[in-house]
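Quick caveat: nothing in here was measured; it's all calculated off a predicted structure. Heavy-atom basis, side chains included; hydrogens, waters and symmetry copies ignored. To find a chain, count down the sequence lines: A is the first, B the second, and so on, and within it residues start at 1.
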Amino acid sequence: QQPVQSPQAVILREGEDAVINCSSSKALYSVHWYRQKHGEAPVFLMILLKGGEQKGHEKISASFNEKKQQSSLYLTASQLSYSGTYFCGTGDYGGSQGNLIFGKGTKLSVKP
Amino acid sequence: GAGVSQSPSNKVTEKGKDVELRCDPISGHTALYWYRQSLGQGLEFLIYFQGNSAPDKSGLPSDRFSAERTGGSVSTLTIQRTQQEDSAVYLCASSPGSGAYNEQFFGPGTRLTVL
């Protein structure tokens, strides 16, 4: 089942903070976050694993609530370069190991 | 080192024709994924290859779609009897291991237009 992302879109001023949420109806063992700029390929931001392990960029902060099957991406002191569409991808126990299902994305626009 | 490459970058075809899209993953990556991204939409999973295991084909939308991965490296996505709704960007990604636990590296994509 496709995870649900919220909000669908957000507009920020430089320096403002934002939270992007990702929730699933299935038990998850991993959540991935990627950012895609217009006309470019998605780029890895972070992986959060069941049990608390995280792998990703130091400047990116995220959480994974296994019981609620939710993850949140925290963007603080936003910069113009943060603009893009953010996708979460989830690995659940119903799929084959290694398969990810991505949400529809959250479009973030950072204005000067 | 070289990243994931895809060819062609753009493909325009007529309805009913067959097309082949190619993906060259990062050397040594055992996992390879195909996704489809329609305009303004998310990443739709199509198929996943992991080492010598049978591929996970659960995302293929119809039997017109098929994919192969030869020698654990290059992959080809084939769409037979293309339809206008097949128009999209087809993205390939590779990963050093199981994609659920490892970063996926995406290629630049192939933009397919079916007239």
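In terms of hydrophobic clustering, with Ile, Leu, Val, Met, Phe, Trp and Tyr side chains grouped at heavy-atom distances under 4.5 Å, L91(B) and L32(B) are assigned to different clusters. When hydrophobic clusters are built by joining Ile, Leu, Val, Met, Phe, Trp and Tyr residues whose side-chain heavy atoms come closer than 4.5 Å, directly or via intermediates, F64(A) is grouped together with I20(A). Residues L45(A) and Y82(A) fall within the same hydrophobic cluster, defined by Ile, Leu, Val, Met, Phe, Trp and Tyr side chains chained together at heavy-atom separations under 4.5 Å. Connection of L43(B) to Y48(B) is established within a shared hydrophobic cluster, with ILVMFWY side chains joined at heavy-atom distances below 4.5 Å, either directly or through further cluster members. Hydrophobic clustering, with ILVMFWY side chains joined whenever heavy atoms are under 4.5 angstrom apart, groups I47(B) together with V19(B).
Applying the 6.0 Å contact sphere to CD of Q8(A) captures no more than 12 heavy atoms from other residues, nucleotides or ligands. Applying the 6.0 Å contact sphere to NZ of K55(A) captures more than 12 heavy atoms from other residues, nucleotides or ligands.
Side-chain contact between Q2(A) and F45(B): absent, with no pair of heavy atoms (C-beta onward) separated by less than 4.5 Å.
Residue M46(A) holds its CE atom at 11.5 Å from CD of E103(B), rounded to the nearest 0.5 Å. Atom CD of residue Q104(B) and atom CZ of residue F102(A) lie 5.0 Å apart, to the nearest 0.5 angstrom.
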### Query
Stepwise, does the side-chain contact (heavy atoms from CB on, under 4.5 Å) test hold for Y35(B) with L100(A)?
CA-CA 10 Å; Y35(B) 297 93; L100(A) 290 180; 4.3 Å; yes

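When all heavy atoms are compared, the tightest approach of N102(B) to I47(A) is C-CD1, 3.3 Å.
Taking G39(A), P42(A), G105(A) one by one and counting their heavy-atom pairs under 4.5 Å with chain B, the maximum is reached by P42(A). No other option in G42(B), G107(B), G59(B) has as many heavy-atom pairs under 4.5 Å with chain A as G42(B).
With a 4.5 Å cut-off on non-hydrogen atoms, Q36(A) touches chain B through its side chain but not through its backbone. Contact of E44(B) with chain A is not made at all, since no heavy-atom distance falls under 4.5 Å.
Side-chain rings of F106(B) and Y34(A) approach one another, their centers coming within less than 6.0 Å.
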